Amino acid sequence: MRHQRTRSSEIHDKPSLKAQMVEQFELPKDLILGAPLLHIYGQNEAYIENFKNMIEFTDKLIKVQTKQCRIMILGKKLEIESFCGEEMHIIGKIEEIKYY
C-alpha cells in the first residue's frame, strides 16, 4: 500500500464544512461563523459586533478580540460610548482600522 503525502498547506487552505455550507446556501457569515461586523459612519463613529473581549483601550487605541481575528482601531479622542454583550459603539476621530 502506498501512502500519499499531503502538504500541510493543502489541509489548511480548504474551507471547513461549515464555511462551505455558508457559501453554498448564502447564509449570513456573521450569524453562522461569528464573523465580526464593523459599521463605520464617516470618520467619527463605528460599531463593532461579534467581538469576544476588549484587549486594550486608550484614547488613541482600541483593540478587541473577535472569534476570527483581532481588530485595532487607531485615532484621536476615542471613546467607547456604549457596549453590551458582543456590541460596541465607538466615537472619536477614527484614523485607521487594522485586522491582525
Side-chain angles (χ1 to χ4, degrees):
M1 182 189 317
R2 268 180 102 174
H3 294 289
Q4 188 176 23
R5 290 187 180 190
T6 305
R7 294 185 333 202
S8 63
S9 63
E10 289 176 357
I11 294 170
H12 297 295
D13 290 344
K14 292 183 180 182
S16 69
L17 178 60
K18 192 183 259 189
Q20 290 175 8
M21 289 178 58
V22 165
E23 289 298 321
Q24 184 173 358
F25 296 111
E26 298 179 4
L27 300 170
K29 291 180 183 178
D30 61 312
L31 294 177
I32 306 301
L33 300 176
L37 289 177
L38 266 71
H39 304 273
I40 309 297
Y41 300 97
Q43 199 174 6
N44 298 312
E45 188 174 6
Y47 286 88
I48 300 176
E49 296 180 47
N50 293 337
F51 74 94
K52 289 173 70 174
N53 58 29
M54 189 180 333
I55 299 169
E56 188 175 345
F57 168 61
T58 70
D59 65 337
K60 295 178 183 149
L61 167 75
I62 297 174
K63 286 184 188 179
V64 296
Q65 177 69 51
T66 72
K67 294 177 183 176
Q68 298 180 343
C69 65
R70 288 183 177 182
I71 298 173
M72 179 172 25
I73 297 177
L74 300 164
K76 295 178 183 163
K77 298 183 180 179
L78 297 176
E79 295 179 28
I80 298 173
E81 187 163 85
S82 64
F83 82 86
C84 173
E86 296 181 344
E87 298 179 12
M88 182 184 301
H89 180 203
I90 299 166
I91 58 172
K93 184 164 186 200
I94 299 168
E95 298 174 334
E96 191 174 352
I97 298 173
K98 293 182 179 183
Y99 297 84
Y100 64 104

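Since this is a predicted model, take the numbers as computed values, not measurements. Start at 1 with the first residue, then count along the sequence.
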Students should find that the hydrophobic cluster of Ile40, defined by side-chain heavy atoms under 4.5 Å apart, otherwise consists of Leu38, Ile48, Phe51, Met54, Phe57, Ile62, Val64, Ile71, Ile73, Leu78, Ile80, Phe83, Met88, Ile90, Ile94, Ile97, Tyr99
Asn50 side chain vs Ala35 backbone, donor-acceptor pair below 3.5 Å: yes
Can you measure from CD (Glu49) to CD (Glu87) and round to the nearest 0.5 angstrom? 4.5 Å
What distance do Glu86 atom CD and Leu37 atom CG have between them, rounded to the nearest 0.5 Å? 10.5 Å
Non-neighbouring partners of Lys76 that pass side-chain contact (heavy atoms from CB on, under 4.5 Å), sequence neighbours left out: Lys93, Glu95
Test log, rule side chain to side chain contact (heavy atoms under 4.5 Å, CB included), inputs Glu45 and His89: CA-CA 7 Å; Glu45 188 174 6; His89 180 203; 2.8 Å; yes
Those residues that, when tested against Lys98, pass salt bridge (charged side-chain N to carboxylate O under 4.0 Å, His left out) (two or more places apart): Glu96
